[in-house]
Amino acid sequence: MGFLATDLTPISSLGPTVLIPTNKDVVVKVFKVAKTETSDVLKAVLPADASIIGVKVYGSTASDAGTSAALSITVTNNSGTVSSGTYDVKTSGAVTGEVTMSGLPNIQPVPLTGDLKVLAHYAETGTASTAGGPWNVLVTYIR
């Protein structure tokens with residue numbers, strides 16, 4: 001997962017060069033996470049050269065779990081976990097918000113270590129919830 005620091009440099013009027021490659025495109029993946037998905041579920045597979053630049057949860061019905069409720073998003077590749085983050089859907093489940101992910105964006109990982117797998121699950125503590133979700137998750141990446 002990554003992009004070169006030179007990708008952040010505007011292209012000159014002469015066009016792309018060896019040191020200034022072409023711009024990358026923004027791509028998104030959208031998926032749902034239901035409160036019944038209590039163990040990791042593979043939600044998306046991104047190409048190895050993708051750089052995730054953001055993960056957003058679109059609000060639905062907040063969970064009414066007794067103590068806590070959260071969505072966990074994990075990004076892995078052949079070397080293990082690349083990034084992870086959680087989003088509190090008990091207190092913020094009805095609003096749209098960014099998931100704070102560790103280590104994003106990862107600039108220039110060399111060598112690439114396989115496609116990026118995006119996994120998600122719901123977890124709660126306390127009294128079992130009777131309401132909540134499903135929540136839509138938008139993963140934005142460039143490649």
Side-chain angles (χ1 to χ4, degrees), residues 1-12 15-17 19-143:
M1 169 174 104
F3 54 95
L4 299 172
T6 55
D7 290 343
L8 304 174
T9 306
I11 294 178
S12 70
T17 68
L19 296 176
I20 303 173
T22 59
N23 290 336
K24 294 193 172 196
D25 293 323
V26 174
V27 186
V28 298
K29 293 283 185 183
V30 179
F31 55 84
K32 287 186 184 293
V33 180
K35 67 181 189 134
T36 56
E37 296 175 302
T38 56
S39 61
D40 276 340
V41 177
L42 179 63
K43 294 295 187 171
V45 178
L46 312 180
D49 65 343
S51 292
I52 297 173
I53 57 175
V55 178
K56 184 177 278 195
V57 173
Y58 285 87
S60 178
T61 305
S63 173
D64 64 350
T67 304
S68 68
L71 296 184
S72 292
I73 310 293
T74 305
V75 180
T76 66
N77 62 16
N78 293 340
S79 295
T81 298
V82 173
S83 180
S84 62
T86 59
Y87 188 78
D88 184 340
V89 292
K90 179 171 174 56
T91 59
S92 302
V95 299
T96 297
E98 291 288 329
V99 180
T100 303
M101 301 289 290
S102 62
L104 293 182
N106 183 8
I107 298 178
Q108 197 171 341
V110 178
L112 298 175
T113 54
D115 289 342
L116 301 175
K117 296 159 201 74
V118 181
L119 308 156
H121 74 268
Y122 169 85
E124 63 183 33
T125 59
T127 308
S129 63
T130 58
W135 297 273
N136 291 314
V137 178
L138 176 113
V139 177
T140 305
Y141 65 98
I142 58 173
R143 71 174 303 243

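All heavy atoms count here, side chains included; hydrogens, waters and symmetry mates do not.
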Only distances under 3.5 Å count here; give the side-chain donor-acceptor pairs of residues 38-48 to other protein atoms, sequence neighbours excluded, each with its distance to 0.1 Å.
{"residue": "D40", "atom": "OD1", "partner": "H121", "partner atom": "ND1", "Å": "2.7"}
{"residue": "K43", "atom": "NZ", "partner": "K32", "partner atom": "O", "Å": "2.7"}
{"residue": "K43", "atom": "NZ", "partner": "E37", "partner atom": "OE1", "Å": "3.2"}
{"residue": "K43", "atom": "NZ", "partner": "E37", "partner atom": "OE2", "Å": "2.7"}

**Message:** Show, in sequence, the C-alpha distance, side-chain angles and deciding distance for L116 and Y141, and conclude whether the side chain to side chain contact (heavy atoms under 4.5 Å, CB included) test is met.
**Reply:** CA-CA 11 Å; L116 301 175; Y141 65 98; over 6 Å; no

**Asked** Quick one: salt bridge (charged side-chain N to carboxylate O under 4.0 Å, His left out) pairs with a partner in residues 123-137, sequence neighbours left out?
**Response** none

**Item:** S129 to Y122 - nearest heavy-atom pair and separation
**Value:** OG-OH, 3.5 Å

**Asked** Given side chains that start at C-beta, do those of Y58 and V30 come closer than 4.5 Å, heavy atoms only?
**Response** no

**Message:** For the backbone of P134 and the side chain of S60, can you confirm whether one donor and one acceptor N or O come within less than 3.5 Å of each other?
**Reply:** yes

**Selection residues 89-105 - residue pairs positive for side chain to side chain donor-acceptor pair (under 3.5 Å), sequence neighbours left out** = D88-T91

**Asked** For K29, does the NZ atom sit with more than 12 other heavy atoms under 6.0 Å from it, leaving out its own atoms?
**Response** no

**Item:** Heavy-atom pair with the smallest gap, counting every atom of W135 and G93
**Value:** NE1-O, 3.0 Å

**Message:** Between I53 and M101, is the side chain to side chain contact (heavy atoms under 4.5 Å, CB included) condition met? List the steps.
**Reply:** CA-CA 10 Å; I53 57 175; M101 301 289 290; over 6 Å; no

**Asked** Do any pairs count as a salt bridge (charged side-chain N to carboxylate O under 4.0 Å, His left out) and have a residue in residues 126-143, sequence neighbours left out, and if so which ones?
**Response** D49-R143

**Complete:** OG of S63 to NZ of K35, rounded to nearest 0.5 Å, is 6.5 Å

**Residue pairs passing the side chain to side chain donor-acceptor pair (under 3.5 Å) test where at least one lies in residues 67-76, sequence neighbours excluded** = S68-T125

**Prompt:** Quick one: which of I142, V139, I73, V82 gives a side-chain contact (heavy atoms from CB on, under 4.5 Å) with I52?
**Reply:** V139

**Complete:** With sequence neighbours left out, the residues meeting side chain to side chain donor-acceptor pair (under 3.5 Å) with T36 are none

**Fill in**
Heavy atoms of A120 and V33 approach each other most closely as CB-CG2, 3.7 Å

